[in-house]
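Quick caveat: nothing in here was measured; it's all calculated off a predicted structure.
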Amino acid sequence: SMTKEEKNSDLSSFFTNLKVYGASIKEHLETRLNQIEDISEDTVNGKIFNVYSQIKVNTCFYKIYDILGNPEQKEIYEARIQELTQEYNNLIA
C-alpha cells in the first residue's frame, strides 16, 4: 500500500540511519569493503576469492543506489564491478 517514493524513502533511511551494533547498514558495507580491499593475498585462489568478494559487496551498493535512483553512485559502482570482473576473469583464465 506504500507508494514507490515512500518505499524509496524508507530504504534510504534504513540504509543510512538504521543502526546495527552502532553503525548503519551503509557503514557496515563500507567497512567490510575496505577490509576486503586491504587484504593482500599471496595465492591465486586467495586473490580469486578476494576479488569475488569485492564484486559481491560492490554489487550490493550498485543495487541499492539503483533502487534509490542515484545514477551517479550507481555508475561508480557499476564501473568498479566491471573492473573487478575483468580482474576476476584474468585470474581464473
- Item | Check: Ile81 main-chain N/O paired with Thr85 side-chain donor or acceptor under 3.5 Å |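 Side chain of Thr85 to backbone of Ile81, a donor-acceptor pair under 3.5 Å: yes, one is there.
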Say you draw a straight line from [atom1] of [X] to [atom2] of [Y]; how long is it, rounded to the nearest 0.5 Å?
X	Y	atom1	atom2	result
Leu18	Ser12	CG	OG	12.0 Å
Asn58	Glu83	CG	CD	9.5 Å
Ile36	Ser53	CD1	OG	5.0 Å

- Query: Between Glu87 and Leu91, is any pair of side-chain heavy atoms under 4.5 Å apart?
  - Reply: yes
- Query: Is any side-chain heavy atom of Gln35 less than 4.5 Å from a side-chain heavy atom of Asp38?
  - Reply: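 Sidechains of Asp38 and Gln35: no contact.
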- Task: Check whether Ile55 and Ile92 end up in the same hydrophobic cluster, where Ile, Leu, Val, Met, Phe, Trp and Tyr are linked by side-chain heavy atoms less than 4.5 Å apart.
- Result: yes
- Task: Check whether Ile39 and Val57 end up in the same hydrophobic cluster, where Ile, Leu, Val, Met, Phe, Trp and Tyr are linked by side-chain heavy atoms less than 4.5 Å apart.
- Result: no
- Message: Test side chain to side chain contact (heavy atoms under 4.5 Å, CB included) on Asn8 and Lys4; report intermediate values, then the result.
- Response: CA-CA 6 Å; Asn8 285 353; Lys4 182 179 179 180; 4.1 Å; yes
- Task: Kindly determine whether Asn50 and Gln54 satisfy side-chain hydrogen bond (donor to acceptor under 3.5 Å, both in side chains), including the steps that lead there.
- Result: CA-CA 6 Å; Asn50 182 284; Gln54 289 182 59; 2.5 Å; yes
- Query: What ring-ring contact (aromatic ring centres under 6.0 Å, His included) pairs are there with at least one residue in residues 37-92, not counting sequence neighbours?
  - Reply: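 As it turns out, the ring-ring contact (aromatic ring centres under 6.0 Å, His included) pairs with a partner in residues 37-92, which skip direct neighbours, are Phe15-Tyr65, Phe61-Tyr77, Tyr65-Tyr77.
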- Could you walk me through whether Thr31 and His28 pass side chain to side chain contact (heavy atoms under 4.5 Å, CB included), step by step? CA-CA 5 Å; Thr31 298; His28 277 291; 5.8 Å; no
- Please name the pair of heavy atoms, one in Thr16 and one in Ser24, separated by the smallest distance, quoted to 0.1 Å.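 That closest heavy-atom pairing would be O-CB, 3.3 Å.
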